[in-house]
Each structure stands twice: as structure tokens, then as C-alpha cells.
*Asks:* 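I'd like to ask you about the structure that follows.
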Amino acid sequence: MRKEIAKNVVLNIIPMQKFRTIKVQIDFLRPLLKDENAQRRLLANVLSNSTKKYPTFKKLNDREMELYGTEINVYTRGLINYNDLAISAEFADPQFLIGGDNLIKENLELLSEIILNLNIENNLFEKTAFDTEKSNLISNLLSIDDNQDLVSSLALNRLIYKNNVNKQLPIFGTVEQVENITNQGLLDYYKKVISEDTVVINVVGDVDEQEIINIFEDGKLAEFFQKERPTLDLKFDNFDELKETPAIQKEHKKLNQSRIAEAFTTEKISEDISFLAPQIMNLILGGDDQSQLFQEVREKNSLAYSVSSSYQPISRLVTIHAGLDANSLNKTVELISDQIDYIKNGNVSADQIEHAKKVMSTRRLIGSDSIQHYINRSIWDIIYPQSLLDDEKFRVELEKVDVAQVAEVASSMKVIAQYQLIGD
């Protein structure tokens with residue numbers, strides 16, 4: 001059941017009996033802006049640290065334990081051109097507990113406590129909570145330099161989005177940005193978030209729809225969610241300039257291993273091709289341990305410690321990442337190109353197609369066994385429903401995929417960015 005509480009404030013209740021837990025997630029969505037990423041991530045961390053009623057992390061955690069081990073999670077993520085601040089509580093289904101009759105109401109009260117009843121002292125976030133979370137976030141960002149896979153991924157991302165300043169920086173911000181956040185500035189930003197952001201509320205589990213509505217209407221969040229919000233403007237990236245002139249960067253560091261990261265568009269695909277053909281192509285290329293990249297580059301030729309590819313359906317990008325020795329870099333780039341040609345030339349076997357289809361089906365089945373899966377689908381159904389396939393449509397689209405379609409996807413691939421991190 002979907003209920004629009006106010007303009008751009010949606011309550012979605014999904015009753016299902018397959019889980020022994022119930023999850024409530026409240027997502028705050030606003031346009032992705034590079035200057036807000038760090039503030040938004042720090043805000044997520046501060047909100048999860050404490051509240052006025054539970055003024056320390058320990059007291060908040062103790063309350064979660066009192067509620068039979070409720071798991072509170074607050075995080076940010078990018079969704080197309082939106083920045084999503086998600087606040088969730090997952091807790092045991094009361095019907096499996098003794099004395100848990102009010103558990104749903106109590107967890108919704110805890111969420112409202114986190115969102116509305118901030119740990120404020122002297123009109124600022126409580127100093128210890130703010131300083132602790134700011135210091136922790138800076139430490140986490142400084143540690144990125146020790147993760148060369150992440151370093152190369154972020155570098156490739158900067159190249160891909162060279163013409164989109166709001167996507168060049170990571171969703172969690174930079175050290176410099178975090179250092180510049182003041183307590184007052186974060187509190188002012190919080191006020192903008194709760195008054196301006198589009199809100200999507202999801203409740204998933206074995207619940208009664210009317211009971212959930214009644215609890216919401218009687219709770220502290222009811223009045224807050226009555227305020228209408230601005231409509232979001234969905235925008236997609238254009239890579240035409242990079243198709244003509246790919247962005248290439250080489251960087252040298254004192255490292256034992258080197259990294260290659262490449263990005264390809266797959267936009268020139270016939271309209272009658274299966275929606276799932278690019279994903280099948282990616283599984284055959286490098287998205288599975290039976291893939292061409294894994295078998296040929298890593299296993300057979302021992303040119304890389306790790307190599308894989310991934311496909312992003314929204315942006316229609318294929319990215320390839322490999323960790324290797326510097327002296328095998330050129331050979332690896334050439335062999336990666338050979339694997340794309342292998343698929344492009346129609347050399348893929350029927351067994352490879354069938355294996356990839358089984359992997360896709362299995363992953364979808366595994367995904368559907370997660371309560372978060374249904375929350376994510378609900379959010380996508382609101383912001384970009386064209387990206388979703390129901391089970392029957394998925395089956396039909398999967399059945400359509402054949403060698404010719406996979407070859408067509410590979411033939412459409414055009415490199416738009418390459419990053420090389422060379423260990424000296």
C-alpha cells in the first residue's frame with residue numbers, strides 16, 4: 001500500500017510473511033551537490049551517535065538492546081543525481097516474542113527521537129558527539145590512501161564525471177570539506193534537510209497496514225511529515241564528449257601493486273535488444289569467476305592478482321578493474337581488449353550464455369531473500385520506475401538474450417576513461 005502523506009512525502013507499507021523481522025526506513029532525498037556530501041555524511045554519523053533522551057552512544061545502544069536488539073542504521077548514498085540520507089530500524093517481529101506487543105510503536109518512537117529530538121546543548125550539537133564523529137570521519141577519509149582499489153575507483157569516477165562537478169567528489173566528501181564543517185553549520189544544514197528533502201518511508205514485514213498508519217498518525221513524526229516538499233528533478237549524465245576524447249590519467253606511486261581502471265559506454269544498442277543483455281554480457285566478460293577476464297587474464301596468463309568488470313544499468317557503463325604488477329600492465333590492457341573482442345566477434349558459447357543466465361537468476365533470488373531488497377525496489381519505483389522489472393518481465397527478458405545480442409552489446413562498447421596507478 002502506498003499513501004501520499006503530503007506532496008513528495010510517501011508512506012509505503014509492504015506486508016509480507018517471509019521475514020522474522022520488520023524494517024522501517026525513512027529516506028531523505030535531495031539533489032546531489034558536491035559541497036553538501038561531507039555535511040550529509042557527518043550529519044548521518046552525528047544523528048546515529050545520540051539523542052536528547054539518549055545523550056551518549058552507549059545509552060542509545062542500550063535502548064536498542066532493550067528493544068530486543070533493534071539495529072539502527074544511518075547512512076548516505078548516491079541515487080542517480082540524488083543524495084539519499086537513510087535512517088532505518090530493523091527489529092524482531094513481535095509475534096515471535098514474549099512481551100513485545102508495543103515493539104513497532106516503540107521503534108517508530110526511537111526513529112522519531114533520532115530524527116527530531118537532537119542531542120542539543122546551547123543551541124548546538126552536543127560538543128562531544130559532534131567532535132567525536134567529525135574526528136572519526138576525518139580518520140576514515142585519511143585511511144582511503146591505504147586502499148588502492150578504492151583510490152583507483154575514485155580516480156576513475158573523477159574522469160568519468162569530468163563534466164559533472166557534483167559527481168566528481170565521493171559521496172562521503174573529502175578531508176578538507178569535513179575539516180571546514182562547523183557545529184553551527186551542520187545544525188543549519190540539518191534544518192534544511194528535514195524541511196526541504198523529499199521523504200520516502202518504507203515499512204516491510206508481517207504488519208497490518210492500518211495499524212502502521214495509525215501509529216504514524218499518532219506519533220511525533222505525523223505533524224512533521226505533513227509539510228509538502230519540493231519536487232526533485234531527475235537528471236542523467238551524457239558521455240558524448242568522452243566518446244570523442246576519452247579521459248586518460250596515469251599516476252605513479254611507491255606501491256607493490258599497480259591498478260588499471262577503465263570505463264566504457266554501451267549506449268548504441270538496438271531498441272529490440274533485451275533489457276538484460278548488457279548484464280549478461282558483463283557476467284561473461286568479468287562479472288563472475290567463470291568470466292573471460294578471470295579465466296584468461298588471471299588464471300591462464302597470471303597477469304593480474306584481481307580482475308573483474310561491473311555494469312551500471314542506470315548509466316549504462318561497464319567498468320573494469322585490475323590489480324597487477326607494473327611490468328605486466330601493457331600486456332593486461334591488451335588481453336582485456338582481446339576478451340571484449342572475443343565477445344564482440346560472437347565467439348561466446350551457448351554454455352556461457354546459459355551459465356550467465358543462471359547466475360543472474362540466482363542472484364535475483366538471493367536478493368529477494370533480503371528485506372532491504374524490497375525497500376530499495378520501493379525507492380526506485382518512486383524515483384525511476386522504468387529501471388525495475390517484475391518477475392515475469394525479468395523471465396521474458398532473460399529468455400530473449402542470445403549470443404547475437406551479447407555480441408551487439410560488446411560491439412557498442414566504447415572506452416571513455418582509463419586510469420592507471422603505476423607502482424614504482
*Asks:* Could you tell me whether K243 and D240 have a side-chain N and a carboxylate O separated by less than 4.0 Å?
*Replies:*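 Judged by the 4.0 Å cut-off on N to carboxylate O distance, K243 and D240 do form a salt bridge.
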
*Asks:* Between Q25 and D27, do the side chains contain an N or O donor and an N or O acceptor separated by less than 3.5 Å?
*Replies:*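 Result is yes, a qualifying pair exists.
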
*Asks:* Between N345 and N347, do the side chains contain a donor N or O and an acceptor N or O under 3.5 Å apart?
*Replies:*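 The answer is no; no qualifying pair exists.
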
*Asks:* Any side-chain donor paired with an acceptor under 3.5 Å for N73 and S88?
*Replies:*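 Short answer, no.
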
*Asks:* For the residue pair D206 and Q95, confirm or rule out a side-chain donor-acceptor distance under 3.5 Å.
*Replies:*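 Indeed, the side chains of D206 and Q95 share at least one donor-acceptor pair under 3.5 Å.
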
*Asks:* My understanding is that only residues two or more places apart in sequence, or in another chain, count here; which of them pass side chain to side chain donor-acceptor pair (under 3.5 Å) with E126?
*Replies:*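 Expected list: T128.
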
*Asks:* Between R229 and D197, is a salt bridge (Lys or Arg N to Asp or Glu O under 4.0 Å) present by the stated rule, with each step listed?
*Replies:* CA-CA 6 Å; R229 313 301 177 98; D197 284 19; over 6 Å; no

*Asks:* Are R30 and E36 ion-paired here, with the side-chain N under 4.0 Å from a carboxylate O?
*Replies:*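 Result for this pair is yes, salt bridge flagged.
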
*Asks:* Side chains of T76 and R41: any donor to acceptor distance under 3.5 Å?
*Replies:*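 R41 vs T76: donor-acceptor pair found between side chains.
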
*Asks:* Provide the full list of side chain to side chain donor-acceptor pair (under 3.5 Å) pairs with a residue in residues 398-407, sequence neighbours left out, each pair given once.
*Replies:*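 Listed by first then second residue: E397-K400.
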
*Asks:* Does some side-chain heavy atom of K235 sit less than 4.5 Å from a side-chain heavy atom of N166?
*Replies:*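 A side-chain contact is absent here, since even the closest heavy-atom pair is not under 4.5 Å.
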
*Asks:* Hey, is D62 close enough to K58 for a salt bridge, meaning N to O under 4.0 Å?
*Replies:*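 So D62 pairs with K58 through a salt bridge.
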
*Asks:* Can you list every pair that meets side chain to side chain donor-acceptor pair (under 3.5 Å) and has a residue in residues 330-340, with sequence neighbours left out?
*Replies:*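 Output for this query lists Q292-Q339.
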
*Asks:* Is it the case that N119 and Y54 place a side-chain donor and acceptor less than 3.5 Å from each other?
*Replies:*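 No, no side-chain donor-acceptor contact under 3.5 Å.
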
*Asks:* Under a 3.5 Å distance rule, please check whether D149 uses its side chain to pair with a backbone N or O of R259 as donor and acceptor.
*Replies:*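 Checked: no pair found.
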
*Asks:* Output yes when D341 and K344 qualify as a salt bridge under the 4.0 Å nitrogen-oxygen rule, no when they do not.
*Replies:*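 K344 and D341: salt-bridged.
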
*Asks:* Give a yes or no on whether Q386 atom CD has more than 12 heavy-atom contacts from other residues, nucleotides or ligands under 6.0 Å away.
*Replies:*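 Correct, the count exceeds 12.
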
*Asks:* Which residue pairs pass the salt bridge (charged side-chain N to carboxylate O under 4.0 Å, His left out) test when at least one of the two sits in residues 270-289, sequence neighbours left out?
*Replies:*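 Applying salt bridge (charged side-chain N to carboxylate O under 4.0 Å, His left out) to every pair that reaches into residues 270-289, excluding sequence neighbours, yields nothing.
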
*Asks:* Do you see a donor-acceptor pair shorter than 3.5 Å between the side chains of N163 and E241?
*Replies:*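 A pair is found: one side chain offers a donor N or O, the other an acceptor, under 3.5 Å apart.
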
*Asks:* Taking atom types as modelled, find out whether R40 and Y189 have a side-chain donor-acceptor pair closer than 3.5 angstrom.
*Replies:*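 Yes, Y189 and R40 have a side-chain donor paired with an acceptor closer than 3.5 Å.
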
*Asks:* Can you name the side chain to side chain donor-acceptor pair (under 3.5 Å) partners of T231, sequence neighbours left out?
*Replies:*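 So T231 forms a side chain to side chain donor-acceptor pair (under 3.5 Å) with N8.
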
*Asks:* Taking salt bridge (charged side-chain N to carboxylate O under 4.0 Å, His left out) as the cut-off, I'd like each qualifying pair that reaches into residues 163-174, sequence neighbours left out, listed once.
*Replies:*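 Checked against salt bridge (charged side-chain N to carboxylate O under 4.0 Å, His left out) - neighbours excluded - the pairs reaching residues 163-174 are K167-D237.
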
*Asks:* Considering residues, nucleotides and ligands other than R377, do more than 12 of their heavy atoms fall under 6.0 Å from its CZ?
*Replies:*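 Check passes, neighbour count above 12.
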
*Asks:* Just checking Y68 against F96, ring centres under 6.0 Å apart?
*Replies:*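 Judged by ring-centre distance (under 6.0 Å), Y68 and F96 do not meet the cut-off.
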
*Asks:* Quick check: are there more than 12 heavy atoms from other residues, nucleotides or ligands sitting under 6.0 Å from CD of E71?
*Replies:*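 Result for CD/E71: open.
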
*Asks:* If we ignore angles and hydrogens, is there a donor and acceptor under 3.5 Å between the side chains of Q184 and D188?
*Replies:*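 Result is yes, a qualifying pair exists.
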
